[in-house]
*Asks:* 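Have a look at the structure that comes next, please.
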Protein chains: 2
Amino acid sequence: MKRFFIKNKETILYGLTLAALLFLLKWLELRFIIIDYSFELYIGAIAMLFTAFGIWLAVKLMNPKTVVVEKEVYVKDFTLNEEELNKLRLSKRELEVLQLMAEGLSNQEIAGRLFVSLNTIKTHSSKVLEKLDVERRTQAVEKAKRLSIIP
Amino acid sequence: MKRFFIKNKETILYGLTLAALLFLLKWLELRFIIIDYSFELYIGAIAMLFTAFGIWLAVKLMNPKTVVVEKEVYVKDFTLNEEELNKLRLSKRELEVLQLMAEGLSNQEIAGRLFVSLNTIKTHSSKVLEKLDVERRTQAVEKAKRLSIIP
DNA sequence: CCCTAAATCATCCTTAAGTATGAGGGGAAA
DNA sequence: TTTCCCCTCATACTTAAGGATGATTTAGGG
């Protein structure tokens, strides 16, 4: 119940405002008849009022622009950035290949180390480059280190 | 004169819109009298119209709200190991090439960055690999980082 | 002035890296 | 059971990297 109110806060507020305005209208209508205000003036007032209301509503609801400010944090030793690692969606094998790449091993050497064929490592390394959004292994290593995915 | 129009574009637009709406109102007024639309419905339409107008105006004119999000960037601290660097006897240019290698640049990109030909960079990089006693650039970068010759 | 190291560029060649695509097996989740 | 992802491997191809060698120019030290 409470959550319903919170969720629909803006809508309810809008409704209540309209209701309040209807009262105001009725009152103005009476005055309009009695004191003979000009119809145009009355409409003008309504227009002004709702223009203001629209502006208020837009200001309330408008999406804020986000500005990302990078804050440098100096660290001595390596702590795995799991958040970034999860974002990249690297498979276990792909991460292994990336780590061995970072040690400066060739694809052939990596294949030997993991007891699989050179072609398999080529497939993995291509996937790694793709997922890291780079074109060469040196870039991949640089980016992975920068993101603290590998030491 | 032209600049005046440009400068007050929004204000003029607002004025013209109001004028157009006055026409609309007059027209609606006639219909209101003739076909006997309910007064509340008419007011409601006006209210909706100007609410929308207000929203449009606000979106047009408002400076977007900015939200600053701080993103932490982890930077490892680096102190140059001059002793090791001297031992390697790398020339100034070779060190430059090594540094750009470490940033993940290709030989072609390094050539562009240093305003020399690809062949020149190939010569330099070969010398770097030789002096660092490695066979691939990934190894060179790994070793140079390990020896604290580059960050 | 001569010698040397550095920097530049070139050619020719080999090997490694990377791209594209397909295919088959296996395991986990729907 | 079917679907989906991972891992494996293969073929064929293009591009980048690396090795060997030689030439030219320029700046600095003896």
Side-chain angles (χ1 to χ4, degrees), chain A residues 80-147 149-150, chain B residues 80-147 149-150:
Chain A
L80 178 69
N81 188 341
E82 288 192 57
E83 199 187 329
E84 285 290 344
L85 181 56
N86 291 332
K87 263 198 258 175
L88 292 171
R89 311 227 51 93
L90 289 172
S91 75
K92 204 188 299 175
R93 209 54 160 168
E94 284 158 4
L95 183 60
E96 273 186 287
V97 170
L98 176 58
Q99 284 164 343
L100 294 174
M101 267 184 186
E103 289 179 25
L105 301 194
S106 65
N107 286 337
Q108 190 66 69
E109 287 166 338
I110 295 170
R113 193 75 75 88
L114 300 180
F115 304 106
V116 294
S117 83
L118 172 60
N119 287 312
T120 304
I121 298 305
K122 280 190 169 191
T123 307
H124 287 320
S125 77
S126 278
K127 287 255 176 189
V128 169
L129 298 184
E130 193 186 311
K131 288 184 180 179
L132 277 167
D133 192 29
V134 294
E135 276 146 6
R136 282 172 296 283
R137 53 171 59 220
T138 43
Q139 280 188 318
V141 170
E142 190 275 329
K143 189 164 186 177
K145 279 176 183 279
R146 185 155 42 79
L147 297 176
I149 286 159
I150 54 174
Chain B
L80 178 69
N81 188 341
E82 289 192 57
E83 201 186 328
E84 285 290 345
L85 181 56
N86 292 332
K87 264 198 260 178
L88 291 170
R89 312 230 36 96
L90 287 171
S91 75
K92 203 190 298 177
R93 210 51 161 170
E94 285 159 4
L95 182 59
E96 272 186 289
V97 171
L98 176 59
Q99 284 164 343
L100 294 174
M101 269 184 184
E103 289 179 26
L105 301 193
S106 66
N107 286 338
Q108 189 68 70
E109 288 166 338
I110 295 170
R113 193 76 74 86
L114 300 181
F115 305 105
V116 294
S117 83
L118 173 60
N119 287 313
T120 304
I121 299 304
K122 280 190 167 191
T123 306
H124 287 321
S125 78
S126 279
K127 287 255 178 188
V128 168
L129 298 185
E130 194 185 309
K131 289 183 179 179
L132 277 168
D133 191 29
V134 294
E135 275 145 7
R136 282 172 297 282
R137 52 172 60 220
T138 43
Q139 280 188 318
V141 170
E142 191 274 331
K143 187 162 186 177
K145 278 176 184 280
R146 187 155 40 78
L147 296 177
I149 286 159
I150 53 173

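By convention in this document, chain letters (A, B, ...) are assigned in the order of the sequence lines, proteins followed by strands, and residues within each chain are numbered from 1.
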*Asks:* Given side chains that start at C-beta, do those of B:Arg93 and B:Val116 come closer than 4.5 Å, heavy atoms only?
*Replies:* yes
*Asks:* Taking side chain as C-beta onward, heavy atoms only, is A:Leu114 less than 4.5 Å from A:Ile110?
*Replies:* yes
*Asks:* Provide, to the nearest angstrom, the distance between the CG atom belonging to B:Leu114 and the P atom belonging to C:dA6.
*Replies:* 17 Å
*Asks:* Over all strands shown, is A:Thr120 touching base, sugar-phosphate only, or nothing at heavy-atom distances under 4.0 angstrom?
*Replies:* base
*Asks:* Starting at atom NZ of B:Lys92, determine the distance to atom P of C:dT8, rounded to an integer number of angstrom.
*Replies:* 11 Å
*Asks:* So A:Lys87 and A:Glu84, do their side chains get closer than 4.5 Å, heavy atoms only?
*Replies:* yes
*Asks:* Donor-acceptor pair, distance only, cut-off 3.5 Å: does the side chain of A:Lys143 make one with the backbone of A:Leu132?
*Replies:* yes
*Asks:* Between protein and nucleotides 13-30 of chain C, map the contacts as a letter string: B base, S sugar-phosphate only, - none, heavy atoms under 4.0 Å, written 5' to 3'.
*Replies:* ----BBB-----------
*Asks:* Roughly how many Å is it from CZ in A:Phe115 to P in D:dT8, rounded to a whole number?
*Replies:* 12 Å
*Asks:* Does the pair B:Arg113/B:Glu109 count as a salt bridge with the N-to-O cut at 4.0 Å?
*Replies:* no
*Asks:* Both A:Asn119 and A:Lys127 contact DNA chain D. Taking the nearest nucleotide for each, which residue is further toward the 5' end?
*Replies:* A:Lys127
*Asks:* Under the side-chain contact (heavy atoms from CB on, under 4.5 Å) criterion, do B:Ile121 and B:Val97 qualify, and how do the steps go?
*Replies:* CA-CA 7 Å; B:Ile121 299 304; B:Val97 171; 4.2 Å; yes
*Asks:* Expressed in angstrom and rounded to an integer, what is the separation of B:Leu90 atom CG from C:dA5 atom P?
*Replies:* 16 Å
*Asks:* Taking 4.0 Å as the cut-off, does a side-chain nitrogen or oxygen of B:Ser91 come that near to OP1 or OP2 on C:dA5?
*Replies:* no
*Asks:* Passes side-chain contact (heavy atoms from CB on, under 4.5 Å), A:Leu95 versus A:Leu88? Steps please.
*Replies:* CA-CA 10 Å; A:Leu95 183 60; A:Leu88 292 171; over 6 Å; no
*Asks:* Side-chain N or O of B:His124 less than 4.0 angstrom from OP1 or OP2 on C:dA7?
*Replies:* no
*Asks:* Which whole-number value in Å describes the distance from A:Ile110 CD1 to D:dC7 P?
*Replies:* 15 Å
*Asks:* Are any non-hydrogen side-chain atoms of A:Glu94 and A:Glu130 less than 4.5 angstrom apart?
*Replies:* no
*Asks:* Which ranges of DNA chain D pair up as stems, where a stem means three or more consecutive Watson-Crick or G-U pairs with both distances under 3.5 Å?
*Replies:* C:1-30 with D:1-30
*Asks:* Quick one, A:His124 and A:Lys127 - any side-chain contact, counting heavy atoms below 4.5 Å?
*Replies:* no
